[in-house]
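Nothing here was measured: the structure is a model prediction, and the numbers come from that model. Side chains are part of it too, since the values below use all heavy atoms of this structure and drop only hydrogens, waters and symmetry mates. Throughout, numbering of the chain's residues begins at 1 and tracks the sequence.
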Amino acid sequence: MEVTGDAGVPESGEIRTLKPCLLRRNHSREQHGVAASCLEDLRSKACDILAIDKSLTPVTLVLAEDGTIVDDDDYFLCLPSNTKFVALANNEKWAYNNSDGGTAWISQESFDVDETDRGAGLKWKNVARQLKEDLSSIILLSEEDLQMLVDAPCADLAQELLQSCATVQQLQHTLQQVLDQREEVRQSKQLLQLYLEALEKEGSLLSKQEESKAALGEEADAVDTGISREASSDVTLASHILTALREKPAPELSLSSQDLELVTREDPKALAVALNWDIRKTETVQEACERELALRLQQMQSLHSLRSISARKASPPGERQNPKRAKQKPT
């Protein structure tokens, strides 16, 4: 594996942090380590290091683990160090590789341990390393990631985070409270939905509404028959996201911020076909995902603001204050 440490030269007066990343081409096991300050810098180095012909540009960068397209600098900066990227040239499509999934390029034949247990253990450690770099990223985690940290052995998690067992126990307790709060919100939404359904059934116009819905449904089916196959192929969401949208009462509480952003970007018509929903229900779920994502980003911004204020207060008095000399009265 080659490592390139040559960093792009930042603009004058601008200092940008370099993030170590791992690059490879699609269907290739050869990795290259690079350090990039932004997505454009990483994309440029991918063309040079991986010898991608200029005629095959533009180059798309996706996560090697699940094929998520990374096209936002802020999201790129939130990713942990040594994240694996696949460079897709022109019209290449990402293909899942069993050797991705957050681990190094290691031959499967070299392991005698159970694959499921090994994958679960590595996954919670990856999440723990992400928290170690930036604790505020806990806001962006999915319920599954939070539950993995809660279930992780306290001693192992403490060693991974370089914290005491008492601190980690308090962290796990707090994470469990967050999960409990999300479950309470989900149950409240379920009760509200049941209440609204009961009111609808008691309405005197229920039969007419059902007849009109059936008529509209037949017309919609006739119109959508020609485009349903094309629309379903346009959905790029991973299977676990579609499963959560179908099965979870409040899916926006179960998904990570990355998954929420993907849901909000999907075309409502294509997503409705993929989920076998009506367009109104699909748009309602997308709006809920958008609100939850905005709330989490607002929490992140508030946390960063508090951290900046704390850092200023913790700086030495001589650096924060520059007292003015008292004016001398003329003699």
Side-chain angles (χ1 to χ4, degrees), residues 19-20 22 63-66 68 70 74-84 100-104 113-187 238-241 243-245 247-263 289 292-293 295-304 306-307 310:
K19 180 187 291 294
L22 296 175
L63 297 181
E65 182 176 356
D66 56 9
T68 299
V70 181
D74 292 334
Y75 179 69
F76 169 73
L77 295 177
C78 291
L79 293 173
S81 298
N82 295 318
T83 296
K84 296 180 178 67
D100 290 331
T103 64
V113 297
D114 183 77
E115 179 68 19
T116 302
D117 295 340
R118 182 180 66 87
L122 287 174
K123 192 170 183 180
W124 78 257
K125 288 185 178 180
N126 288 335
V127 176
R129 294 188 187 109
Q130 183 178 347
L131 287 185
K132 182 180 176 182
E133 293 182 3
D134 184 7
L135 187 59
S136 61
S137 63
I138 197 171
I139 300 174
L140 307 176
L141 298 180
S142 64
E143 284 187 335
E144 180 185 359
D145 293 337
L146 294 177
Q147 189 63 56
M148 282 194 300
L149 293 177
V150 171
D151 296 337
C154 182
D156 295 343
L157 185 58
Q159 182 179 2
E160 197 69 40
L161 296 177
L162 300 181
Q163 299 289 339
S164 65
C165 285
T167 302
V168 171
Q169 285 178 349
Q170 183 62 36
L171 174 63
Q172 290 179 315
H173 177 69
T174 303
L175 295 181
Q176 186 61 57
Q177 288 181 329
V178 172
L179 291 172
D180 293 342
Q181 290 173 356
R182 291 189 181 183
E183 183 62 29
E184 290 176 2
V185 173
R186 183 182 294 108
Q187 292 179 1
S239 59
H240 75 276
I241 301 179
T243 301
L245 292 175
E247 300 179 358
K248 298 291 185 179
E252 68 275 9
L253 300 177
S254 302
L255 298 173
S256 66
S257 298
Q258 173 187 339
D259 295 338
L260 291 176
E261 185 175 1
L262 294 176
V263 173
C289 291
E292 178 66 19
L293 180 62
L295 177 61
R296 295 186 189 182
L297 293 178
Q298 183 180 6
Q299 292 173 340
M300 284 281 293
Q301 293 174 356
S302 301
L303 188 57
H304 283 303
L306 292 174
R307 184 177 296 172
S310 300

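Taking each heavy atom of Ser142 and Arg182 in turn, the nearest pair found is C-NH1, 4.3 Å. Scanning all heavy atoms of the two residues, the minimum distance from Val168 to Ala158 falls at CG2-CA, 3.4 Å. In plain terms, the two heavy atoms of Thr167 and Gln163 that are nearest each other are CG2-OE1, 4.0 Å. Nearest heavy-atom pair, Gln258 versus Leu63, reported as atom, atom and distance to 0.1 Å: NE2-CD1, 3.9 Å. Of all heavy-atom pairs spanning Leu149 and Gln172, the tightest one is O-NE2, 2.9 Å. Residues Arg296 and Leu253 share a closest heavy-atom pair of NH2-O, 3.9 Å.
Expressed to the nearest 0.5 Å, how far OG of Ser256 lies from CG of Leu146 amounts to 10.0 Å. Annotation: the span from Leu175 atom CG to Asp180 atom CG amounts to 11.0 Å, rounded to 0.5 Å. To the nearest 0.5 Å, atoms CD (Glu184) and CD (Gln181) are separated by 7.0 Å. Going from atom CG of Leu161 over to atom NZ of Lys125 covers 12.0 Å, rounded to the nearest 0.5 Å. To the nearest 0.5 Å, atom CG of residue Asn126 and atom CD of residue Glu65 are 7.5 Å apart. Residue Glu261 holds its CD atom at 12.0 Å from SG of Cys289, rounded to the nearest 0.5 Å.
More than 12 heavy atoms of other residues, nucleotides or ligands shown are found within 6.0 angstrom of CD on Glu183. Within a 6.0 Å sphere centred on CD of Gln187, other residues, nucleotides and ligands contribute more than 12 heavy atoms.
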Item to check | Full working for salt bridge (Lys or Arg N to Asp or Glu O under 4.0 Å) between Glu143 and Lys248 | outcome: CA-CA 12 Å; Glu143 284 187 335; Lys248 298 291 185 179; 5.3 Å; no
Next on the checklist: Under the criterion side chain to side chain donor-acceptor pair (under 3.5 Å), I'd like the reasoning laid out for His173 against Gln177: C-alpha separation, chi angles, the key distance, then a yes or no.
Outcome noted: CA-CA 6 Å; His173 177 69; Gln177 288 181 329; 3.3 Å; yes
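Without hydrogens or angle criteria, Lys19 side chain to Leu79 main chain gives a donor-acceptor distance under 3.5 Å.
Residues Trp124 and Asp151 fail the side-chain proximity criterion, which asks for heavy atoms closer than 4.5 Å.
Ser257 pairs in a side chain to side chain contact (heavy atoms under 4.5 Å, CB included) with only one of the listed residues (Leu295, Leu297, Leu293), which is Leu293.
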